[in-house]
Trainee: 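One structure follows; several queries about it will come next.
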Amino acid sequence: MQDAEMPELPDVEEFRRRFARHAAGRTIGDVVVTDAGILRNVTADELGDALRGRRFDEPERRGKWLIAWTDGPTPLIHFGMTGDIEWAGNRDGRHRHDRVVFVLDRGEIRYRNMRKLGGLWLARDPADVETLLGELGPDAASIDRRGFMELLERRRGGIKAALMDQTFIAGVGNLLADEILWQARIHPLRPIPQLSTEERSRLYRALQTVIARTVDRYPEGYETRWTIARGRPMARCPRCRTELARTVVGGRTTYFCPTCQQPT
DNA sequence: TCAGTTGTTTATAT
DNA sequence: AATATAAACAACTG
């Protein structure tokens, strides 16, 4: 599992940029569905009929969702744990996990997804977009300090579970959450009500800097985006050299430094 | 061979 | 009502 994408906010933001660069303003000539199992609320025929001849607009990202606006119906794409957006100038080199290909008047956009978690939905109109996306918290990349503090005020449970809850704040997944909490030196199981003003402040700062850094450094590859190593035996905290601890929070493998991130 | 992995949904429990 | 937990989902790796 060394090279796999694990799409969180920074990944989806990169997909959005790719989509914007190559698809915005382009006309959809055809929609090739090689695996209809990735389509969630639409058939391959309906998708093609709805989009052929339409033009892609500027795409939008909300949390881990990509909204591929067009001048007609709108594809909503979720990447699950292995999704990706690729562009190619022609039809050469398609990958066997390219489940949906949008053939444009110049090049083609490929929605790749090895495991088929996530998927593609088709929203018939803007109101349908809202319905399908459901309840999403404010986007983690653009929430301001005040908004974040207000969120914390009205949440009780553990901090990591909250950060990963997309209805609380949208865009943060397991890896980002671990990195943010390590930066902020806060234990993943700390109940939010007992976080001090100082800790809340560190948390907001870590959220901002980690997201900014992982988005900016996207092309450098997966490993370099994180300060703390995952899955390596005997991995140590870069700050204090303590061996990282591993546990499970919200069903997800969680790494933290038992020295820097104290449970109380 | 099979446990482990990722994000989300759904069901169930507290 | 809100939060927590676990299983299910798909496909692949080690």
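Since the model is a prediction, treat every value here as computed from it, not as a measurement. Values reported hereafter were calculated over all heavy atoms of this structure, with side chains retained and with hydrogens, waters and symmetry mates removed. By convention in this document, chain letters (A, B, ...) are assigned in the order of the sequence lines, proteins followed by strands, and residues within each chain are numbered from 1.
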Trainee: Which part of the nucleic acid, if any, lies within reach of R246(A) when heavy atoms closer than 4.0 Å are counted: base, sugar-phosphate only, or nothing?
Mentor: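 It contacts sugar-phosphate atoms only.
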
Trainee: Side chain of L117(A) only, please: which of dT8(B), dC9(C), dA4(C) is the nearest?
Mentor: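 Selected nucleotide (nearest to the side chain): dC9(C).
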
Trainee: So which atom in L176(A) and which in P10(A) form the shortest heavy-atom distance, rounded to 0.1 Å?
Mentor: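 Answer, listing the atom of L176(A) first, then P10(A): CD1-CD, 3.8 Å.
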
Trainee: Under 4.0 Å, counting only non-hydrogen atoms across every strand here, what does A162(A) touch: a base, just sugar-phosphate, or nothing?
Mentor: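 Result for A162(A) = nothing.
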
Trainee: Could you check how far CG of D35(A) sits from C1' of dA11(C), rounded to whole Å?
Mentor: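 Result: 12 Å.
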
Trainee: Output the rounded distance in Å from CZ (R154(A)) to C1' (dA2(C)).
Mentor: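 In whole Å, dA2(C) C1' and R154(A) CZ are 13 Å from each other.
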
Trainee: Compare side-chain N and O positions of H97(A) against OP1 and OP2 of dC12(C) and report whether any pair is under 4.0 Å apart.
Mentor: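 True: H97(A) side-chain N/O within range (under 4.0 Å) of dC12(C) OP1/OP2.
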
Trainee: Please give, in whole Å, the distance from dA2(C) P to R155(A) CZ?
Mentor: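 Rounded to the whole Å, the gap is 10 Å.
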
Trainee: By nearest atom, which of the nucleotides dG7(B), dA2(C), dA11(C) is closest to the N174(A) side chain?
Mentor: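 Ranking dG7(B), dA2(C), dA11(C) by closest atom to the N174(A) side chain puts dG7(B) first.
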
Trainee: Base, sugar-phosphate or nothing for R252(A)? Non-hydrogen atoms, less than 4.0 Å.
Mentor: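 The residue R252(A) makes base contact.
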
Trainee: Using a heavy-atom cut-off of 4.0 Å across all strands, would you classify G158(A) as base, sugar-phosphate, or nothing?
Mentor: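 Answer is sugar-phosphate: G158(A) comes under 4.0 Å of backbone atoms only.
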
Trainee: Just checking, any donor-acceptor pair under 3.5 angstrom between side chains of E108(A) and W87(A)?
Mentor: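 No donor-acceptor contact under 3.5 Å links the two side chains.
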
Trainee: Would you tell me whether S201(A) and R145(A) have side-chain atoms, one donor and one acceptor, within less than 3.5 Å of each other?
Mentor: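 The answer is yes; a qualifying pair exists.
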
Trainee: So, does R96(A) get its side chain near the phosphate of dC12(C), meaning an N or O under 4.0 Å from OP1 or OP2?
Mentor: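 So the side-chain polar atoms of R96(A) do come within 4.0 Å of the phosphate oxygens OP1 or OP2 of dC12(C), strictly under.
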
Trainee: To the nearest Å, give me how far apart CE (M81(A)) and P (dG4(B)) are.
Mentor: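 Those two atoms, CE and P, are 15 Å apart.
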
Trainee: Can you tell me how far C1' of dT8(B) sits from CG of L76(A), to the nearest Å?
Mentor: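 Atom-to-atom, L76(A) to dT8(B), this comes out as 15 Å.
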
Trainee: Pick one: which of R252(A), R246(A), K160(A) meets salt bridge (Lys or Arg N to Asp or Glu O under 4.0 Å) with D178(A)?
Mentor: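 Exactly one candidate clears the test, K160(A).
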
Trainee: On the nucleotide dA11(C), are OP1 or OP2 found under 4.0 Å from the side-chain N or O atoms that K116(A) carries?
Mentor: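 For dA11(C), OP1/OP2 do have a side-chain N/O of K116(A) under 4.0 Å.
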
Trainee: Applying side-chain hydrogen bond (donor to acceptor under 3.5 Å, both in side chains) to T43(A) and D45(A), what does each step give before you reach the verdict?
Mentor: CA-CA 5 Å; T43(A) 66; D45(A) 283 346; 5.5 Å; no

Trainee: Counting only side-chain N and O atoms of Q166(A), is one of them less than 4.0 Å from OP1 or OP2 of dG7(B)?
Mentor: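 Answer no for this pair, as no side-chain N or O of Q166(A) is under 4.0 Å from OP1 or OP2.
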
Trainee: Taking the six-membered ring where the residue is Trp, are the ring centres of F56(A) and F102(A) under 6.0 Å apart?
Mentor: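 They qualify: ring centres under 6.0 Å apart.
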
Trainee: What nucleic acid atoms does G157(A) come within less than 4.0 Å of, heavy atoms only: base, sugar-phosphate, or nothing?
Mentor: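 The answer is sugar-phosphate, as G157(A) gets under 4.0 Å only of primed atoms, P, OP1 or OP2.
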
Trainee: Whole Å only: how far is the CG atom of L133(A) from the P atom of dT8(B)?
Mentor: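 Checked: the CG to P distance equals 12 Å.
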
Trainee: Find the distance Y111(A):OH to dA10(C):C1' and express it as a whole number of Å.
Mentor: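 Interatomic distance, OH of Y111(A) to C1' of dA10(C): 12 Å.
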
Trainee: In whole Å, what is the span from the CZ atom of R156(A) to the P atom of dA4(C)?
Mentor: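 In whole Å, dA4(C) P and R156(A) CZ are 9 Å from each other.
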
Trainee: Does dT8(B) have OP1 or OP2 sitting under 4.0 Å from an N or O in the side chain of H78(A)?
Mentor: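 Checking H78(A) against dT8(B): at least one side-chain N or O falls below 4.0 Å of OP1 or OP2.
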
Trainee: To the side chain of K64(A), which of dT3(C), dA11(C), dT8(B) is closest?
Mentor: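 Closest nucleotide to the K64(A) side chain: dT8(B).
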
Trainee: Which nucleotide in the list dA11(C), dC9(C), dA4(C) gets nearest to the side chain of R99(A)?
Mentor: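 Among the listed nucleotides, the one closest to the side chain of R99(A) is dA11(C).
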
